[in-house]
Amino acid sequence: MSWSTFGRIADILSVISFLLSLGIFRRIYIKAETQKTTYAEERDTLLAHLIALQKNIWDDGLTSAEIQDTLQTKMFEYQMKYFFISSPRCIFHAFRCTHLLKNGIAPSNTAKIRNDINFLIARLSKKE
């Protein structure tokens, strides 16, 4: 094979990879648009759930397994529904909260979890 053959193969592969990347970017854009509409529709309900959980944490602490499981479920829901449209800071707080809940509850973890919930409540309270 000569160098011109390798050059043509490289040209063909570059065009194919360009078209493939356009398809990937299109799918990501469609997914982000879907998440934006979901966010607009369900933001208030998720905000109400997080505020209710925050009040339960103030009243009971994070001692009951039911509160921990509900909070972890809501954090997973936030991560799955709004990953592509969330800021890196929101993603950090959501993932840290679920990580701390998996590791178990300690006084230092409780303060961090409350901080994460407060940040996400403030973020969801912001009108867009």
Side-chain angles (χ1 to χ4, degrees):
M1 284 178 129
S2 65
W3 288 108
S4 63
T5 306
F6 284 127
R8 288 187 181 155
I9 292 172
D11 290 340
I12 292 170
L13 289 177
S14 66
V15 169
I16 291 171
S17 65
F18 175 72
L19 294 175
L20 184 65
S21 65
L22 286 179
I24 291 170
F25 286 134
R26 184 171 174 252
R27 286 187 182 181
I28 290 173
Y29 177 76
I30 291 170
K31 181 78 170 172
E33 288 299 314
T34 304
Q35 285 185 356
K36 284 179 186 178
T37 57
T38 303
Y39 177 80
E41 294 167 358
E42 299 178 359
R43 181 184 62 82
D44 292 331
T45 57
L46 184 60
L47 178 62
H49 285 288
L50 286 177
I51 289 173
L53 285 169
Q54 182 186 40
K55 289 180 182 176
N56 286 340
I57 291 170
W58 286 341
D59 296 340
D60 306 340
L62 278 171
T63 54
S64 75
E66 182 181 354
I67 292 175
Q68 292 176 20
D69 290 344
T70 306
L71 179 59
Q72 196 168 21
T73 302
K74 288 299 170 188
M75 287 296 117
F76 285 138
E77 181 181 337
Y78 180 85
Q79 290 170 8
M80 286 189 276
K81 285 185 176 180
Y82 311 124
F83 183 77
F84 287 114
I85 61 170
S86 294
S87 68
R89 194 168 178 193
C90 292
I91 293 169
F92 168 76
H93 283 286
F95 276 100
R96 184 174 77 164
C97 187
T98 55
H99 177 72
L100 292 172
L101 286 167
K102 281 188 225 175
N103 287 341
I105 302 303
S108 63
N109 286 357
T110 304
K112 290 177 184 176
I113 290 169
R114 285 178 47 218
N115 183 27
D116 293 337
I117 293 170
N118 291 337
F119 179 83
L120 291 174
I121 287 173
R123 176 68 179 99
L124 288 169
S125 296
K126 180 182 171 186
K127 295 281 185 186
E128 294 188 20

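The model shown is predicted, which means the values in this text are computed figures rather than measured ones.
Cluster annotation: I9 is not connected to I12 through the hydrophobic network of ILVMFWY side chains, with a link wherever side-chain heavy atoms come within less than 4.5 Å. Hydrophobic cluster membership is shared by I51 and L101, with clusters built from Ile, Leu, Val, Met, Phe, Trp and Tyr side chains linked at under 4.5 angstrom. The hydrophobic clustering, which links ILVMFWY residues whose side-chain heavy atoms are closer than 4.5 Å, places L22 and V15 together.
Between F92 and S87, every side-chain heavy-atom pair lies at or beyond the 4.5 Å cut-off. Looking only at side-chain heavy atoms (C-beta outward), L120 and M75 come within less than 4.5 Å of each other. You'll find the side chain of M80 reaches within 4.5 Å of the side chain of F76, heavy atoms only.
Residues passing the ring-ring contact (aromatic ring centres under 6.0 Å, His included) test with Y82, sequence neighbours excluded: Y39, Y78.
L71 contributes atom CG, which lies 4.0 Å from atom CD1 of I117 (distance to the nearest 0.5 angstrom). Atom CD1 in I121 sits 11.0 Å away from atom CG in D116 (nearest 0.5 Å). A distance of 10.5 Å separates CG of L100 from CD of Q72, quoted to the nearest 0.5 Å. Between the CZ atom in F18 and the CG atom in L13 there is a gap of 15.0 Å [rounded to 0.5 Å]. Note that CG of L124 is 10.0 Å distant from CZ of F119, once rounded to the nearest 0.5 Å. Atom NE2 of H93 is separated from atom CZ of R123 by 11.5 Å, given to the nearest 0.5 angstrom.
Residue I113 comes nearest to C97 through the heavy atom pair CG2-SG, 3.9 Å, listed as atom of the first residue, atom of the second, then distance. The shortest heavy-atom contact between R96 and K112 is NH2-O, 3.8 Å.
Remark: side-chain polar atoms of N118 are paired, donor with acceptor, to backbone N or O of R114 under 3.5 angstrom.
Among the candidates L47, D44, L50, the single residue satisfying the side chain to side chain contact (heavy atoms under 4.5 Å, CB included) test with S125 is L47.
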Worksheet item: Can K102 and H99 be said to form a side chain to side chain contact (heavy atoms under 4.5 Å, CB included), step by step?
Response: CA-CA 5 Å; K102 281 188 225 175; H99 177 72; 5.5 Å; no

